[in-house]
Amino acid sequence: MAGRRQNDTNRRGERRKAADAKPARRGWRLWLRRLILWGLALALLAALFVGLAVAFAARSLPSFYQLQATQVGQTIVVRARDGSEIVELGPSYGQWLSSEEIPQVMKDAMIAVEDRRFRSHFGIDPIGLARALYVAVTDDTRVAATSTITQQLARNVFLNSNRTLDRKLREAVLAVALETKFTKEQILELYLNKVYFGGGAYGVDSASRKFFSHPATRLSTAEAAIIAGLVKAPSRYSPTADVDAAVDRASVVLRLMREQGRISASEASVDVSAVNLKEETGQNSVRYFTDWALPQLDLLLPETFEPIEVWTTLDTGMQRAATASIKANTPEGAQGALVSLDRDGAVLALIGGTDYVQTNYNRATDAMRQPGSSWKLFVYLAALEAGYTPEDRVVDAPVTIEGWSPRNSGGSYAGPIDLRTAFAYSKNTVAAQLGNEVGFGTVASMARRFGITTPVSTYPSMVLGSSEVRLIDMTRAFAAVATGGSSVEPYGILKVTTASGELLYQHERAREVQLVPDHVAAGITDLLQTAVNTGTGRAAQIGRPVAGKTGTTNSNKDGYFVGFSSGITTGVWMGRDDNARVASLQGGRAPAQAFAAYMRYAVRNRPIEEFDTDLQLPEWQLEPDDEQMFGDPDDYYFIDEQGNLIEPGRPQDQGEDYFPYPDQPGGGAGVGPGEGDRPRLPGQPPRRPVGQPLPGDPAPDAPAAASDDFLRRATGEGAEQQQQRQPRQPNPPPPQ
């Protein structure tokens with residue numbers, strides 16, 4: 001009995017437990033149904049949202065023909081002065097190819113490597129997405145690509161390459177929208193004509209012309225595989241960067257094509273000979289010129305993104321000659337630069353270094369280096385403007401100025417010489433004395449006047465070129481001398497047009513300013529010509545008149561030569577970028593030789609032009625003999641300090657205030673206007689005061705203009721005063 005009761009109790013307990021479990025099971029199923037319903041509702045809402053987003057995106061998408069006409073960047077075609085194309089910058093698009101014109105092997109190669117299920121998906125590849133998620137979960141060292149061809153097209157045309165969730169979602173919506181609006185063939189046509197393949201090439205036709213030198217309609221299987229392999233990493237696999245890497249990547253494409261049955265095993269091979277790069281004309285030294293000229297478009301043109309053509313001043317023949325001369329004459333381990341200007345400032349050639357591919361630093365327009373003795377141009381300009389002439393005598397002797405003692409390059413001194421010889425042989429001591437006489441600030445102001453834009457010091461050593469300058473500025477200064485002292489403004493752009501020929505900009509010649517008087521320009525030209533004919537610049541001779549100046553800095557760190565002939569002015573610099581010494585680098589050697597090699601070509605078709613070195617001095621600077629052109633010298637009368645008229649050739653009473661040497665205190669009494677203030681170097685013989693003989697000249701027999709007896713009677717002076725008067729002797733001349 002007891003056992004039966006126990007069993008009944010157990011059965012009742014089990015029934016109670018089962019009764020209690022039924023509500024729990026009903027609650028779990030209820031929540032599961034609710035979750036499913038909510039999930040379905042959310043999925044429907046998400047689908048509705050995506051559908052609406054896709055519908056709106058598809059509605060706002062441009063038409064196929066609008067997409068066909070749009071470009072992702074501005075193309076700039078740069079032309080030489082004769083109209084020939086020298087370089088094309090920015091994206092290159094080639095010819096637009098329709099789907100029928102694109103070789104099937106090109107389509108197959110692209111689909112095989114980028115999107116094997118392109119023909120079956122709806123813009124997004126669910127299988128590829130699931131595979132990418134699986135790889136991301138199981139192998140954190142690999143990241144599988146998930147973008148389809150349609151997604152890549154959406155990103156390239158409408159979005160950027162930011163790796164954000166928002167961008168991926170918008171990319172997916174746009175991809176589905178593209179699939180709903182365009183056919184698969186249209187999408188593939190847009191993609192193959194717009195995708196970037198490296199080297200500035202957009203589209204298969206541009207890539208084919210750049211890498212294989214023929215249109216894309218003639219692509220072979222191997223060539224198509226190379227182009228298709230570029231999309232993954234254009235900069236890494238581009239044939240212009242690494243031919244072997246491009247061939248290895250193409251082998252991967254061919255293997256995928258064979259695995260997918262798109263080609264046979266015999267076609268799945270490629271070698272380096274398949275790459276036949278198009279010859280890039282003007283891609284080296286011309287880029288120095290375009291790097292300087294094209295940024296000026298930001299100031300010359302309104303903002304525009306349409307293709308433009310820039311017509312420049314560059315002469316391709318001169319550019320090649322300049323490149324050859326720099327490469328042939330630059331010392332080993334050094335760099336060279338050259339700037340050549342026409343008489344109106346047009347840049348005919350510009351070289352910023354020996355090789356643009358190795359280094360694109362533009363030493364012609366950006367580098368600041370010491371010009372050495374070529375800076376003496378400004379010292380002598382200031383001296384000529386102050387009244388010196390090429391025939392004036394100067395003294396080449398040791399000198400110390402404010403504790404600075406310059407030395408000549410050879411260590412010797414020539415003694416008394418004329419200004420022309422001092423310049424021709426680049427005498428440092430004479431330049432130092434001239435700078436001290438006219439003022440170092442005056443020399444700096446002259447350099448500024450002639451276009452030097454870099455800081456200029458006013459320490460005494462500045463006369464030897466211690467201030468750093470740009471080569472293009474020094475060339476500009478010499479060009480101003482070549483034009484007779486008129487200002488020159490370098491320019492490189494003649495005009496800018498659209499691809500259809502609409503004129504956007506036309507160069508207008510800058511207003512000329514006379515920087516120095518004509519006689520100063522003629523005088524400095526005389527000095528510059530002598531420097532080439534007989535002085536330090538003899539290596540720059542080219543068989544016709546040349547004027548120029550050499551320059552060499554301490555320890556041969558910089559070599560300069562700047563000169564002009566037949567309306568062309570050319571500056572050459574050589575040195576090392578690290579400012580180290582270059583053995584045997586002197587301005588009169590390699591730079592002058594490079595100048596001559598280039599100029600022989602540059603002026604070959606120009607008439608020979610003789611320099612105007614005839615000094616038509618201003619009236620205040622004329623000697624007495626020169627003044628005969630103004631009339632009979634006998635008609636000239638001068639007034640002494642007492643107001644007495646003095647005929648030419650007759651001495652006046654030389655009292656204690658008379659100084660026959662203009663450089664003595666009060667010097668210049670009785671001389672022509674401005675003559676008494678004219679600076680004079682130590683040892684330079686004084687000018688003869690106008691109408692006054694120098695000491696040692698025989699005294700003429702004619703009496704003085706007014707006798708002492710006449711003066712005593714006129715002034716009423718008595719005998720007592722007469723006895724007190726003592727005769728005064730003229731001051732002795734200073735030692736020579």
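Values in this document were obtained by computation on a predicted structure and should not be read as measured data.
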Q: Is a side-chain N or O of Asp578 found less than 3.5 angstrom from the main chain of Ala580, in a donor-acceptor match?
A: yes
Q: Enumerate the residue pairs fulfilling side chain to side chain donor-acceptor pair (under 3.5 Å) with a member in residues 469-479, sequence neighbours excluded, ordered by first and then second residue.
A: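 Of all non-adjacent pairs touching residues 469-479, those that pass side chain to side chain donor-acceptor pair (under 3.5 Å) are Thr453-Arg470, Thr453-Asp473, Arg476-Glu489.
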Q: Do Thr498 side-chain atoms and Glu502 backbone N/O form a donor-acceptor pair below 3.5 Å?
A: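 Confirmed, Thr498 side chain pairs with Glu502 backbone.
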Q: Do Tyr356 and Tyr288 have their ring centres less than 6.0 Å from each other?
A: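 Yes - the distance between ring centres of Tyr356 and Tyr288 falls below the 6.0 Å cut-off.
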Q: So Val87 and Arg287, do their side chains get closer than 4.5 Å, heavy atoms only?
A: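 Yes; the side chains approach each other to less than 4.5 Å.
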Q: Who pairs with Thr550 by side-chain contact (heavy atoms from CB on, under 4.5 Å), at least two apart in sequence or on another chain?
A: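 Scan of Thr550 (side-chain contact (heavy atoms from CB on, under 4.5 Å), adjacent residues dropped) gives Thr536, Phe561.
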Q: Hydrogens and angles aside, do Thr613 and Gln529 bring a side-chain donor and acceptor to less than 3.5 Å of each other?
A: no
Q: Residues in side chain to side chain donor-acceptor pair (under 3.5 Å) with Arg581, at least two apart?
A: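 Side chain to side chain donor-acceptor pair (under 3.5 Å) list for Arg581, sorted by chain: empty.
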Q: For residues Asn408 and Thr429, determine if any side-chain heavy atom of one lies less than 4.5 Å from a side-chain heavy atom of the other.
A: yes
Q: Could you give all pairs that pass the side chain to side chain donor-acceptor pair (under 3.5 Å) test and reach residues 540-549, with sequence neighbours left out?
A: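 For residues 540-549: Ser426-Lys549, Arg544-Ser566.
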Q: Please assess Tyr196 against Tyr202 for the test ring-ring contact (aromatic ring centres under 6.0 Å, His included), listing each intermediate value before the final yes or no.
A: CA-CA 5 Å; Tyr196 182 60; Tyr202 284 80; 4.7 Å; yes
Q: With a 3.5 Å cut-off and no angle check, do the side chains of Asn360 and Asp291 form a donor-acceptor pair?
A: no
Q: Quick one: list whatever passes salt bridge (charged side-chain N to carboxylate O under 4.0 Å, His left out) with Arg343, sequence neighbours left out.
A: Glu609
Q: Compare every heavy atom of Thr458 with every heavy atom of Phe440, then report the nearest pair and how far apart it is.
A: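 Of all heavy-atom pairs spanning Phe440 and Thr458, the closest is CB-O, 3.5 Å.
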Q: Ala422: which residues meet the side-chain contact (heavy atoms from CB on, under 4.5 Å) condition with it, sequence neighbours left out?
A: Tyr380, Val394, Ile417, Lys427, Val430
Q: Report yes or no: do Arg369 and Asn579 form a side-chain donor-acceptor pair below 3.5 Å?
A: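 Distance-only check passes for Arg369 and Asn579.
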Q: Determine whether the side chains of Gln514 and Ser486 contain a donor N or O and an acceptor N or O closer than 3.5 Å.
A: yes
Q: Got Phe564 and Val481 here, is their nearest side-chain heavy-atom distance under 4.5 Å?
A: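 Contact flag for Phe564/Val481 side chains = yes.
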Q: Taking side-chain contact (heavy atoms from CB on, under 4.5 Å) as the definition, give me every residue that meets it alongside Ser206, ordered by chain and number, with sequence neighbours left out.
A: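 Checked Ser206 against side-chain contact (heavy atoms from CB on, under 4.5 Å); matches are Ser92, Ala201.
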Q: Quick one, Thr525 and Asp612 - any side-chain contact, counting heavy atoms below 4.5 Å?
A: no
Q: Got a sec, which residues hit side-chain contact (heavy atoms from CB on, under 4.5 Å) with Ser457, two or more places apart in sequence or on another chain?
A: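 With sequence neighbours excluded, Ser457 shows a side-chain contact (heavy atoms from CB on, under 4.5 Å) to Tyr459, Met462, Ser466, Ser467, given in chain and number order.
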Q: Partners of Arg509 by side chain to side chain donor-acceptor pair (under 3.5 Å), sequence neighbours excluded?
A: Glu512
Q: Taking side chain as C-beta onward, heavy atoms only, is Asn436 less than 4.5 Å from Pro460?
A: no
Q: Do the side chains of Asp355 and Lys327 get close enough for a salt bridge, i.e. N-O under 4.0 angstrom?
A: no
Q: Going by side chain to side chain donor-acceptor pair (under 3.5 Å), name the pairs with one or both residues in residues 439-449, residues two or more places apart or in two chains.
A: Glu385-Arg449
Q: Is the shortest heavy-atom distance from the side chain of Thr365 to the side chain of Leu471 under 4.5 Å?
A: no
Q: Assess, by modelled atom type and distance only, whether the side chains of Asp392 and Thr389 contain a donor and an acceptor separated by less than 3.5 Å.
A: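 Side-chain D/A pair, Asp392 to Thr389: present.
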Q: Is Phe211 close to Ile226 at the side-chain level, that is, under 4.5 Å between some pair of heavy atoms?
A: no
Q: Applying salt bridge (charged side-chain N to carboxylate O under 4.0 Å, His left out), name anything that partners Arg79, two or more places apart in sequence or on another chain.
A: Glu309
Q: Is there side-chain contact between Val399 and Pro406, with at least one heavy-atom pair below 4.5 Å?
A: yes
Q: With a 3.5 Å cut-off and no angle check, do the side chains of Asp418 and Thr421 form a donor-acceptor pair?
A: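 A donor-acceptor contact under 3.5 Å links the two side chains.
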Q: Is it the case that the side chains of Trp573 and Asp558 hold a donor-acceptor pair, with the cut-off being a distance below 3.5 Å and no angle test?
A: yes
Q: Which ring-ring contact (aromatic ring centres under 6.0 Å, His included) pairs, counting each pair once, include a residue from residues 482-511, with sequence neighbours left out?
A: Tyr491-His507
